[in-house]
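Data first, discussion second: the structure below is written as structure tokens.
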Amino acid sequence: GEQVEQLPSILRVQERSSASINCTYENSASNYFPWYKQEPGENPKLIIDIRSNMERKQIQGLIVLLDKKAKRFSLHITDTQPADSAMYFCAAHTGANTGKLTFGHGTILRVHP
Amino acid sequence: DAGVTQTPRHEVAEKGQTIILKCEPVSGHNDLFWYRQTKIQGLELLSYFRSKSLMEDGGAFKDRFKAEMLNSSFSTLKIQPTEPKDSAVYLCASTTGTSAETLYFGSGTRLTVL
């Protein structure tokens with residue numbers, strides 16, 4: 001199986017500062033690491049992902065880093081805006097022939113004006 | 001293309017009742033998941049189907065929770081009998097299943113058990 005730990009559980013930042021969320025996983029066979037954003041009352045939606053053949057990926061103000069040796073991956077939101085306030089989940093996909101993801105516990109991000 | 005459709009959006013049940021939640025995955029997706037979401041436990045996997053076959057049945061939930069997938073485009077989650085601690089949001093999700101691809105979530109069913 002797989003276990004994913006996510007920290008912090010709550011993150012409060014000032015508008016225009018950066019926010020970082022960290023996750024660790026156990027299974028070295030994990031090869032795909034997506035991040036989901038869930039706004040209040042909505043379903044989780046994929047915002048960015050990274051595969052094990054990459055160390056860094058950026059989409060606009062979102063950066064994900066993957067350290068396979070340390071079994072650690074992280075999401076960095078640069079220049080945060082109040083609209084970034086939401087729940088964020090990291091996840092890990094393990095092994096072949098399955099679509100199953102193991103999710104972290106989630107991080108509530110609050111961006112204050 | 002339609003996404004994952006879940007009904008009802010809200011359900012209120014008395015303790016001891018039987019409730020059935022419904023899910024239609026994205027057309028063509030082979031993998032379907034049922035999750036329970038609470039503030040304390042986060043996202044907990046209840047069931048995982050691949051091509052209608054049950055691949056995983058969350059151990060802690062076997063007792064009163066039963067998910068079925070009678071055809072590739074429809075799944076149900078039955079909770080029988082309901083207890084107040086079952087109050088949560090139940091999310092259905094699907095993906096192609098061919099490799100590590102995007103998981104699409106439905107809008108969820110918010111269950112309140114009185």
Side-chain angles (χ1 to χ4, degrees), chain A residues 1-10 21 23 25 27 29-54 57 59 64 66 68 73 86-108 110, chain B residues 2-7 9-10 23-26 28-60 69 72 88-110:
Chain A
E2 175 64 283
Q3 298 274 350
V4 176
E5 297 294 325
Q6 181 174 349
L7 290 171
S9 54
I10 301 174
I21 304 171
C23 291
Y25 61 97
N27 192 332
S30 292
N31 57 9
Y32 172 65
F33 307 90
W35 288 86
Y36 285 78
K37 177 183 181 182
Q38 184 179 28
E39 304 198 48
E42 300 290 324
N43 52 353
K45 293 182 176 65
L46 178 73
I47 53 171
I48 192 169
D49 56 17
I50 190 166
R51 296 182 187 272
S52 58
N53 60 352
M54 299 175 71
K57 183 174 180 179
I59 297 177
V64 288
L66 173 62
K68 286 181 289 185
F73 59 112
M87 172 77 87
Y88 291 80
F89 292 98
C90 64
H93 172 271
T94 303
N97 211 30
T98 175
K100 181 184 168 188
L101 294 173
T102 301
F103 285 90
H105 212 74
T107 296
I108 297 172
R110 293 281 176 256
Chain B
V4 177
T5 303
Q6 285 189 252
T7 54
R9 288 297 306 271
H10 302 274
C23 174
E24 296 174 32
V26 174
H29 280 187
N30 291 316
D31 282 8
L32 182 142
F33 303 85
W34 283 97
Y35 288 94
R36 183 170 81 172
Q37 184 176 20
T38 60
K39 284 182 181 170
I40 295 173
Q41 299 293 338
L43 284 166
E44 299 174 281
L45 180 67
L46 301 176
S47 295
Y48 164 32
F49 291 90
R50 161 154 289 201
S51 301
K52 302 184 295 179
S53 297
L54 183 64
M55 305 298 290
E56 193 166 328
D57 199 355
M69 197 162 186
S72 60
V89 175
Y90 290 82
L91 289 164
C92 178
S94 72
T95 185
T96 58
T98 53
S99 62
E101 297 295 342
T102 303
L103 189 64
Y104 293 89
F105 284 88
S107 297
T109 296
R110 180 173 292 278

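Letters go in sequence order (proteins before strands), and every chain restarts at 1.
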Q) Do you know which of B:R110, B:Q37, B:H29 has the most heavy-atom pairs under 4.5 Å to chain A? A) B:Q37
Q. Heavy-atom distance under 4.5 Å to chain B: side chain of A:P44, backbone, both or neither?
A. both
Q: Could you tell me which non-hydrogen atom of A:N43 sits nearest to which non-hydrogen atom of B:G106, and how far apart they are?
A: CB-O, 2.8 Å
Q: Sort A:Q38 into side chain, backbone, both or neither according to what part of it lies under 4.5 angstrom from a heavy atom of chain B.
A: side chain
Q. Name the one of B:L91, B:L45, B:L46 that satisfies side-chain contact (heavy atoms from CB on, under 4.5 Å) with B:R36?
A. B:L46
Q) Checking A:L46 against chain B: side chain, backbone, both or neither under 4.5 Å from a heavy atom? A) side chain
Q) Mind checking whether B:T102 and A:P34 have side chains closer than 4.5 Å, heavy atoms only? A) no
Q.
Is B:L103 close to chain A through its backbone or its side chain, or both, or neither, when contacts mean heavy atoms under 4.5 Å?
A. both
(Q) Less than 4.5 Å apart, side chain to side chain, heavy atoms only: is that true for A:I21 and A:Q6? (A) yes
Q.
Need one label for B:I40: side chain, backbone, both or neither, based on atoms under 4.5 Å from any heavy atom in chain A.
A. backbone
Q: For B:S94 and B:P25, work out which heavy atoms get closest and say how close.
A: CB-CB, 3.6 Å
